[in-house]
**Student:** 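Let me give you the structure first, and then I'll get to my questions.
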Number of protein chains: 2
Amino acid sequence: MNRFLGHVTNKIDAKGRVSVPAHFRSIIQTAGHTELYALRSLHLPALDAGGPELLTRFDKRLDSEDPFAETSDDMSFYLHADGGFLKLDGDGRITVTDFMREHTGISSDVTFAGANTHFQMWHPDKFEAHRAKVRQRLAEKRRQENVHAGNS
Amino acid sequence: MNRFLGHVTNKIDAKGRVSVPAHFRSIIQTAGHTELYALRSLHLPALDAGGPELLTRFDKRLDSEDPFAETSDDMSFYLHADGGFLKLDGDGRITVTDFMREHTGISSDVTFAGANTHFQMWHPDKFEAHRAKVRQRLAEKRRQENVHAGNS
DNA sequence: ATCGATATCATGGGGCACTATGGGCGTCAA
DNA sequence: TTGACGCCCATAGTGCCCCATGATATCGAT
């Protein structure tokens, strides 16, 4: 199945390298790519990563975000200026750059989280916190919908 | 019969594997799949599982949401990061991952419970407790309805 | 209906391949 | 020289494929 799903956390070794989960790697490779791109996530302390098509997809999303705001250009610049290319070594590892650490707070471990068409890289604690918050918001929302529908 | 019905509890072996009930398996396999999609239930200490089309079904609902609303991001994160594929081995077993144990408390046995379009995986004790509670709630509800209808 | 043959299922275990992780050693540039 | 980075190899642990066993159900012939 060629989707990014689930989450795994891997260790950063003494040389600053971390293994990209084999499953994620194979998705990139079967898509015919050997390159990995990472961009700062817009609203989250995480990195969005994936194949080269990730860039074009994000551009599209930016375009439709708010055509009148001049921040669109700024955003585009912001994303692309620091976003970059991650080299996979022969064993499927990437070296964690300062760029990644700054935005995410990543230090000794990285949580890789699937996002269907791409994946994210998190500091494990922040990932867990976000996960809990999301669950809570969704649970609350569904509870409200049930109340309105008359199901208790 | 292509519906998930009834419940069975199976053992986890020394290697962390558990057999998916043959009846459930056949439903998945006749649909042409060799893996399961499992999701951590929002309200229950259980996993919702089914064929990969379960995820597709959820994804479709995602499409109808406003893509820029926070809920959409939350849903996507929940579906893709809090869920994953479980591979069926040649004998119809899956290996129970930490991902599953954390959320459900599953340790040595798994209760598979049919839920019509999909099924659930529980810790046997929690399943039993939940079942008792549900039955009690239903009985209570019926009692109330009878009172209102004048039947005693 | 009885009894034996056959199929299906849950469970156990062997063993190979792959993965994550650690580390060595050159190269190249500051 | 020193340190960052590329490429290579080693190893422990895990996942996955295959086969075995006993229990249960199914079926057929007598």
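So that the names make sense, note that chain A is the first sequence line, chain B the second, and so on, each numbered from 1.
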**Student:** Taking NZ, NE, NH1 and NH2 as the nitrogens, is one of them in B/R93 or B/D91 under 4.0 Å from a carboxylate oxygen of the other?
**Tutor:**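 Here B/R93 pairs with B/D91 in a salt bridge, since their nearest N and O are under 4.0 Å apart.
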
**Student:** Step through the shown structure and confirm whether more than 12 heavy atoms of other residues, nucleotides or ligands are within 6.0 Å of CD on B/E128.
**Tutor:**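 For B/E128, atom CD is crowded (more than 12 foreign heavy atoms under 6.0 Å).
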
**Student:** What parts of residues 11-21 of chain A reach DNA chain D, counting only heavy atoms under 4.0 Å away?
**Tutor:**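 Of all residues in residues 11-21 of chain A, the ones placing a heavy atom under 4.0 Å from DNA chain D are A/K15, A/R17.
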
**Student:** Run the numbers on B/F112 and B/F127 for ring pair (Phe, Tyr, Trp, His ring centres under 6.0 Å), then give the verdict.
**Tutor:** CA-CA 9 Å; B/F112 296 83; B/F127 171 74; over 10 Å; no

**Student:** Sort out for me which residue in A/L54, A/V8, A/L36 forms a side chain to side chain contact (heavy atoms under 4.5 Å, CB included) with A/F119.
**Tutor:**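 So, applying the side chain to side chain contact (heavy atoms under 4.5 Å, CB included) to A/F119 and each of A/L54, A/V8, A/L36, only A/L36 qualifies.
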
**Student:** Please list residues of residues 89-113 of chain B whose heavy atoms come under 4.0 Å from any atom in DNA chain C, ordered by number; otherwise none.
**Tutor:**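 Of all residues in residues 89-113 of chain B, the ones placing a heavy atom under 4.0 Å from DNA chain C are B/D91, B/R93.
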
**Student:** With B/F58, which residues qualify under ring-ring contact (aromatic ring centres under 6.0 Å, His included), at least two apart?
**Tutor:**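 Residues passing ring-ring contact (aromatic ring centres under 6.0 Å, His included) with B/F58: none at all.
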
**Student:** If we ignore angles and hydrogens, is there a donor and acceptor under 3.5 Å between the side chains of A/E140 and A/Q144?
**Tutor:**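 Yes - a donor-acceptor pair under 3.5 Å links their side chains.
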
**Student:** Which residues pass the side-chain contact (heavy atoms from CB on, under 4.5 Å) test with A/E35, sequence neighbours left out?
**Tutor:**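 Scan of A/E35 (side-chain contact (heavy atoms from CB on, under 4.5 Å), adjacent residues dropped) gives A/Y37, A/P52, A/F85.
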
**Student:** Please list, in 5' to 3' order, the outermost nucleotides of DNA chain D lying under 4.0 Å from any heavy atom of chain A.
**Tutor:**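 Range of nucleotides touched by chain A: D/dG6 to D/dC9.
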
**Student:** Would you please name every residue forming a side-chain contact (heavy atoms from CB on, under 4.5 Å) with B/E70, sequence neighbours left out?
**Tutor:**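 Scan of B/E70 (side-chain contact (heavy atoms from CB on, under 4.5 Å), adjacent residues dropped) gives A/R137, B/D74.
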
**Student:** Side chains of B/R131 and B/H7: do they bring a donor and an acceptor to under 3.5 Å?
**Tutor:**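 No, because no side-chain N or O of B/R131 sits under 3.5 Å from a partner of the opposite role on B/H7.
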
**Student:** Under 4.5 Å between any side-chain heavy atoms of A/Q120 and A/L44, yes or no?
**Tutor:**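 With C-beta onward as the side chain, the pair touches.
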
